[in-house]
There are 2 protein chains.
Amino acid sequence: MVRITDVARRAGVAPSTVSYALSGKRPISAETRRRVEESVRELGYRPLTGTRAAGGGHWPNVLALVAPLRAGVDPRTVMEYAGAVVTAARGHDHDVLLVTRGEGVEGLRRVVESTPANALIVADTEPHDARLPWLRTLDRPSVLIGHPADTTGLTCVDLDFGAAGELCVEHLAGLGHRVVALVGAPPEVYLRDTGDAQRVVRGFTAAAARHGLSSSVLPCPASPAAARAVAERLLRERPALTGVVVHNKAVVKPLIDAFGALGLRVPADLSVAAVGSTSLPVTSVDVPATELGAGAVDLLIRILNGTPVPEATLLPPQLTHRATTAPRTTP
Amino acid sequence: MVRITDVARRAGVAPSTVSYALSGKRPISAETRRRVEESVRELGYRPLTGTRAAGGGHWPNVLALVAPLRAGVDPRTVMEYAGAVVTAARGHDHDVLLVTRGEGVEGLRRVVESTPANALIVADTEPHDARLPWLRTLDRPSVLIGHPADTTGLTCVDLDFGAAGELCVEHLAGLGHRVVALVGAPPEVYLRDTGDAQRVVRGFTAAAARHGLSSSVLPCPASPAAARAVAERLLRERPALTGVVVHNKAVVKPLIDAFGALGLRVPADLSVAAVGSTSLPVTSVDVPATELGAGAVDLLIRILNGTPVPEATLLPPQLTHRATTAPRTTP
DNA sequence: AGGCGAAGTCGAAGCGCTTCGACACTTCCT
DNA sequence: AGGAAGTGTCGAAGCGCTTCGACTTCGCCT
């Protein structure tokens, strides 16, 4: 193992000079710097990062990204979080340590407590996540991606799902649609008060009222059969329907297919917009994974700097117009 | 910041006693240990991991996982690597640092050299990866997931694609098929000698010869149209064909559809097996991402321990029988 | 009673690194 | 010429931690 004294000896200078030459914290003559750098290269010297913490230097900044890497969660989204977090963290001179969900909260606790990271980003949290109590008492700052039911004592970023619901309605209203429906999550999700789902409903309903649209909301289980049933029911009960917002990833395609089978062409007869990322060419408010990851890092850095931050940060939604929405054809 | 001396003072013992109480490297009375642990808890003491390296202790083990998190690569596979690497690494008491491809090799170099990791796992390498020369001269050990054209001076794990090709043929031969074809990668891939592609061809051809099967190989661009053309050509030139192996993810579904359109039912008239993971219910030799990740960590640990390891480790393929292959119906 | 080994604790030294204060040397200004 | 104001370098001290050797206590065996 090569130490700073080895480099110093080879370059014919004092260890402190090497330190200054490498850190640039004091002026060093060009010639000396050159010799030091050469010695570093030749010996393959790599300062032992940790020992800087002693001697008053900076502790190498490491933040842990806690993400379930294998569960049912959409890997593409998690990857996008991860990429964004790494990039943003590097911008703030932080490294990112990967922590997968250990066996249960207890395992996670052990892993995190033995980890050299001084801050946490927890991706994919649920409204009543079992990790929340633990996070609240953790001695290291953390930022959640997602939106717990109770945010007190926590910091989190999420897409503003309420605004997303509104945005979809506004988009449809702007296209001239007067009768709209929201096809939402499976019924059981609403019972377990999954914040997102209800926020979308609230935004959707409020915006529809504001624009004087006739609106209805239907939960929908995540199966093609359920999608067909919902489509049929909508056509039966709301024959004037021309705009649909879907907040249920699994059901977007089946639903469009079902409407097609029932004789409604999308978007000619019926406009469909989705809340949440799909891989389909559907007009949608995507989950801005990159912005969420970057936002989480940003909040964390602010916390580490001692700046006060709000408990919940909601990112403004952005609607991407794709092939499934169009102006209402005058009836 | 809480130091070991603070804990010691509160527990009424010497700092060294705290150190021993926590590390267990010398016997400490139950009572003293209790008091130390209590003080640790009350003060929220967390030893500054890095400074252990000084004083002769162990440097905290960190390995860097270099993975392109956003490129065109299949995120599901990358995630699976990542998960497996993290799990395996934890088993060997290592943390995993995430490094995304910085801007070009140069950026990557800077990031990695400033990173406290003492070993690297590089996922998704290409046969002539631009990073190879750099990895060869790197002063830290590394293991690649993938198979460089030239492995000298490197360590890598990969699926044994040659054996995968053979395995598919054996599977088909076992089902009674006598005339088989391999639909491979786009032609340009073969020109750029992408190792995998050619290894599959070699395995396929050798196994076919060994089993006395009539075989042919066709490259295929990654478009539905190309798939259709290949299907037509196969039927024209090899009317007796009953078994097809596809080593081209993008084309599996289009190809099956094309055969269907030409009047051949899969698997009744034609058996189709794929090399490489698809999300379709197709008989296939999947890329064992979990095993690859775990294998990479394993190799790395062995290297770090000074055990010599082979340059290339090839994992035996495993064929999963699904709905697209069946015994040949006697003609 | 005396000796011995084990158990338990402490102080001091040392790890690789950074930082502080001091020193020598150069430049530039009057 | 003589000082002030940089420049560039060094030695020593110190960071939080571990480890080593030494010391005290204690129970146990002769």
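These numbers come from the heavy atoms of this one structure, side chains and all, not from hydrogens, waters or symmetry mates. In what follows, chains carry the letters A, B, and so on, assigned in the order in which the sequence lines appear, proteins first and then strands, with residues in each chain numbered from 1.
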* To do: Look at B:Lys25 and D:dT19 and indicate whether a side-chain polar atom (N or O) is within less than 4.0 Å of OP1 or OP2.
  => yes
* Going by modelled atom types, is there a donor-acceptor pair between the base of D:dG11 and the side chain of A:Ser16 at under 3.5 Å? -> yes
* For B:Ile4 and C:dG14, what is the distance between atoms CD1 and P respectively, to the nearest whole Å? -> 19 Å
* Asked: Could you state the CZ-C1' distance from B:Arg35 to C:dG8, rounded to the nearest angstrom?
  -> 12 Å
* Interatomic distance where CG belongs to B:Leu22 and P belongs to D:dG16 [whole Å] -> 16 Å
* Any ion pair linking A:Glu80 and A:Arg76 (charged N to carboxylate O, less than 4.0 Å)? -> no
* B:Ser29 side chain near C:dT9 phosphate (N/O to OP1/OP2, under 4.0 Å) -> yes
* How long is the line joining CZ of A:Arg33 and P of D:dG8, in whole Å? -> 9 Å
* Inspect the contact between A:Asp298 and A:Arg302 and indicate whether a charged nitrogen and a carboxylate oxygen are less than 4.0 angstrom apart. => yes
* To do: Taking only Lys NZ, Arg NE, NH1 and NH2, and the carboxylate oxygens of Asp or Glu, determine whether A:Arg41 and A:Glu38 approach each other closer than 4.0 Å.
  => no
* Asked: At under 4.0 Å between heavy atoms, what does B:Thr32 touch on the DNA or RNA strands: base, sugar-phosphate, or nothing?
  -> sugar-phosphate
* Hey, does the side-chain of B:Arg26 have a donor or acceptor N/O within less than 3.5 Å of a partner on the base of D:dT19? -> no
* Asked: Is a donor-acceptor contact shorter than 3.5 angstrom present between the side chain of B:Tyr20 and the base of D:dC20?
  -> yes
* To do: Output yes when A:Arg34 and A:Glu31 qualify as a salt bridge under the 4.0 Å nitrogen-oxygen rule, no when they do not.
  => yes
* Structure fact -> Rounded to whole Å, the CG-C1' distance (A:Leu48 to C:dC15) equals 9 Å
* Compare side-chain N and O positions of B:Tyr45 against OP1 and OP2 of D:dC17 and report whether any pair is under 4.0 Å apart. => yes
* Asked: What heavy-atom pair brings A:Thr100 and B:Gly83 nearest, and what distance separates the two atoms?
  -> CG2-CA, 4.4 Å
* base_contact_polar (C:dG14 base, A:Arg3 side chain, donor-acceptor, <3.5 Å) -> no
* Whole-Å distance between C:dC15 C1' and A:Asp6 CG? -> 13 Å
* **Between C1' of D:dG6 and CD1 of A:Ile28, the distance in whole Å** => 15 Å
* Is there a side-chain polar atom (N or O) of A:Thr17 under 4.0 Å from OP1 or OP2 of D:dC10? -> yes
